[in-house]
A.B. asks: 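Encoded as structure tokens, here's the structure I'll be asking about.
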Amino acid sequence: MKKLILAACAASSFAALPALAQVVVVVNPKAAESTMAKEQIAQFFLGKSTAMTPIDQPDGAPIRADFYKKVADKDAAQVKALWSKLVFTGKATMPKEVADSAAVKAAVAANPKAIGYIDKSAVDATVKVVHTAQ
């Protein structure tokens, strides 16, 4: 009986976990880029290149953690530490942070130099996918 209860509890806790969405990197449809390597994208989001303007999802959002892990191979604490150092030394300005995928799409659609990441299901004609995070 104990085993049955434990198995039911374990199964229900897994069912409660949200499925991780597929993360795609998007740019303005007018941008020249049609594809980008994850290393190139990481440069924008880690303050190593200013050629594009990165648009970030909220701190603590599952999509943000998933993006940084898959594209930059860094967890939230590593990213936060890196940006703290860059901002403190005046070497870079943190990416603009917006509320959700819809806000990322709006920001990217409004700026030909913007780059962001959203859930693949949110893609529409206002943005162009240049990378699928794997």
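What you see below is based on every heavy atom in this structure, not just the backbone, and it leaves out hydrogens, waters and symmetry mates.
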A.B. asks: For D73 and Y68, which I'm curious about, is there any donor-acceptor pair between the side chains at under 3.5 Å?
C.D. replies: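 No, because no side-chain N or O of D73 sits under 3.5 Å from a partner of the opposite role on Y68.
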A.B. asks: Using side-chain heavy atoms (C-beta onward) and a distance below 4.5 Å, is D59 in contact with K80?
C.D. replies: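 Answer yes - side chains close enough.
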A.B. asks: Taking all non-hydrogen atoms of both residues into account, name the closest pair between I118 and I63 and its distance.
C.D. replies: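 Here I118 and I63 meet closest at C-CD1, 3.5 Å.
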A.B. asks: Spell out, yes or no, whether L82 and M52 are grouped together once hydrophobic residues are joined by side-chain heavy atoms under 4.5 Å, including indirect joins.
C.D. replies: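 Yes; M52 is reachable from L82 via cluster members.
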A.B. asks: Look at the side-chain heavy atoms of Ile, Leu, Val, Met, Phe, Trp and Tyr, link any pair under 4.5 Å apart, and say whether V27 and V23 land in one connected group.
C.D. replies: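 Both belong to a single hydrophobic cluster.
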A.B. asks: Ignoring hydrogens and geometry, is there a side-chain-to-backbone donor-acceptor pair from Y117 to V104 under 3.5 Å?
C.D. replies: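 No; judged by distance alone, with no hydrogens or angles, the pair does not exist.
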A.B. asks: Within a strict 4.5 Å, meaning less than it, do heavy atoms of the S101 and Q57 side chains meet?
C.D. replies: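 Yes, close enough: below the 4.5 Å cut-off.
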A.B. asks: Check the pair K70 / K38 against side-chain contact (heavy atoms from CB on, under 4.5 Å), numbers first and verdict last.
C.D. replies: CA-CA 8 Å; K70 289 178 177 176; K38 70 179 192 171; over 6 Å; no
A.B. asks: I want to check something: taking the side chain as every heavy atom from C-beta on, are V71 and F44 in contact at a cut-off of under 4.5 Å?
C.D. replies: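 The answer is no, as the side chains (C-beta and beyond) never meet within the 4.5 Å cut-off.
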A.B. asks: For A107 versus A114, what's the shortest heavy-atom pair and its separation?
C.D. replies: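 The answer is O-CB, 4.0 Å.
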A.B. asks: Going by salt bridge (Lys or Arg N to Asp or Glu O under 4.0 Å), name the residues that satisfy it together with K105, two or more places apart in sequence or in a different chain.
C.D. replies: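 K105: salt bridge (Lys or Arg N to Asp or Glu O under 4.0 Å) contacts with D124.
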A.B. asks: Would a single hydrophobic cluster contain both V25 and V98, if residues Ile, Leu, Val, Met, Phe, Trp and Tyr are joined by side-chain heavy-atom contacts under 4.5 Å?
C.D. replies: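 No, it is not one cluster - the side chains of V98 and V25 are not joined through contacts under 4.5 Å.
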A.B. asks: Closer than 3.5 angstrom, by distance alone: can the side chain of Q43 be matched with the main-chain N or O of Q40 as a donor-acceptor pair?
C.D. replies: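 Not a single qualifying donor-acceptor pair exists.
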A.B. asks: Has the side chain of D56 got a donor or acceptor atom that lies under 3.5 Å from a matching backbone atom of K96?
C.D. replies: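 Flag not set: sc D56 to bb K96 has no pair under 3.5 Å.
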A.B. asks: If two hydrophobic side chains count as joined below 4.5 Å and joins carry through other members, does L86 share a cluster with I55?
C.D. replies: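 No.
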A.B. asks: Considering non-hydrogen atoms only, spot the tightest contact between N28 and V108 and give its length.
C.D. replies: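 Between these two residues, the closest heavy atoms are ND2-O, 3.1 Å.
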A.B. asks: Of the non-hydrogen atoms in A110 and P112, which two are nearest, and what is the gap between them?
C.D. replies: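 Closest pair (atom of A110, atom of P112, distance): O-CD, 4.0 Å.
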A.B. asks: Roughly how far apart are K74 NZ and L46 CG, rounded to 0.5 Å?
C.D. replies: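 So the NZ of K74 and the CG of L46 are separated by 6.5 Å.
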A.B. asks: What's the spacing between N111 CG and K30 NZ if we round to 0.5 Å?
C.D. replies: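 N111 atom CG to K30 atom NZ measures 11.0 Å (nearest 0.5 Å).
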A.B. asks: Taking atom CD1 of I115 and atom CE of M36, what is their separation to the nearest 0.5 Å?
C.D. replies: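 Interatomic distance, I115 CD1 to M36 CE, rounded to 0.5 Å: 4.0 Å.
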A.B. asks: Work out which heavy atom in P29 is nearest to a heavy atom in A125; give both atom names and the distance.
C.D. replies: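 So the minimum-distance heavy-atom pair works out to CG-O, 3.7 Å.
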A.B. asks: What heavy-atom pair brings F45 and P95 nearest, and what distance separates the two atoms?
C.D. replies: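 Closest approach of F45 to P95, heavy atoms only: O-CG, 4.3 Å.
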A.B. asks: When rounded to the nearest 0.5 angstrom, what distance separates CG in D66 from CZ in R64?
C.D. replies: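 Spacing of CG (D66) from CZ (R64) equals 13.0 Å.
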